[in-house]
Each structure stands twice: as C-alpha cells, then as structure tokens.
Amino acid sequence: MKTLRDVAIGETVTVVKLHGEGAVKRRIMDMGITKNATVYVRKVAPLGDPIEVTVRGYELSIRKADAEMIEVEG
C-alpha cells in the first residue's frame, strides 16, 4: 500500500482510499481529498512535516500523520 507520505516531490497521484475514523477522515474529505482526486506533491518541509500538495486547483499543507491515512496509486 502506497500512501501520500511515500510520494516523491513533483509526482502526481490519484487517491484510492481514505483510512482513519470519524472526525479525522471527515476533515481530510472537507479539504477536498476524496476518492479519485488527483494530488500533486509540491514540496516537503525541511523536517518532513508538513507536506504541501495541490488538489482541485488549490494548495494545501497536510501533516505526515494525515498523509499516512491517504492511500494513493500512481
């Protein structure tokens, strides 16, 4: 299983599944990261947290812990 945390800078992937429960999963979905959404990894902070991505035409920073809950392909 490949997660958003494993994606290299400059790579574009497609969301396959969201793991996690309740409020955390809902918050990720509210940010626009849903099944079949295309996510482009723009950059990663020097210490690896957070990860900056582009999804649905806007830029978003996401924590590593949340990125691990997002299964991707591609």
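All residue numbers in this chain count up from 1 along the given sequence. Atoms considered below: every heavy atom in the structure, side chains included; atoms not considered: hydrogens, waters and symmetry mates.
- No side-chain heavy atom of M69 sits less than 4.5 Å from a side-chain heavy atom of K25.
- Residues H19 and M1 form a side-chain contact, since some pair of their non-hydrogen atoms from C-beta on lies under 4.5 Å apart.
- Residues satisfying the salt bridge (charged side-chain N to carboxylate O under 4.0 Å, His left out) criterion with R27, sequence neighbours excluded, are D66.
- Atom NZ of K2 has more than 12 neighbouring heavy atoms from other residues, nucleotides or ligands inside a 6.0 Å radius.
- At least one side-chain heavy atom of D49 sits under 4.5 Å from a side-chain heavy atom of R63.
- For the side chain to side chain contact (heavy atoms under 4.5 Å, CB included) test with V53, the passing option among V7, V39, V13, T12 is V39; the others fail.
- Distance check: K43 NZ to I9 CD1 gives 10.0 Å after rounding to the nearest 0.5 Å.
- L18 and Y40 sit in two unconnected hydrophobic clusters of ILVMFWY residues. Membership requires side-chain heavy atoms under 4.5 Å apart, directly or through other members.
- Hydrophobic clustering (ILVMFWY, side-chain heavy atoms < 4.5 Å, transitive): V41 and L60 are in one cluster.
- Annotation: side chain of L4 is not in contact with side chain of V15 (no heavy-atom distance under 4.5 Å).
- Counting heavy atoms from C-beta on, the side chains of I62 and I70 come closer than 4.5 Å.
- The two residues G32 and A37 make their nearest non-hydrogen contact at O-CB, 4.0 Å.
- Note on V24: it does not cluster hydrophobically with V16, by side-chain heavy-atom contacts below 4.5 Å among ILVMFWY residues.
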Chi angles and distances behind the side-chain contact (heavy atoms from CB on, under 4.5 Å) call for K64, L47: CA-CA 11 Å; K64 280 194 295 190; L47 298 175; over 6 Å; no

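- A distance of 9.0 Å separates CD of E71 from OG1 of T3, quoted to the nearest 0.5 Å.
- Expressed to the nearest 0.5 Å, how far CE of M29 lies from NZ of K35 amounts to 11.0 Å.
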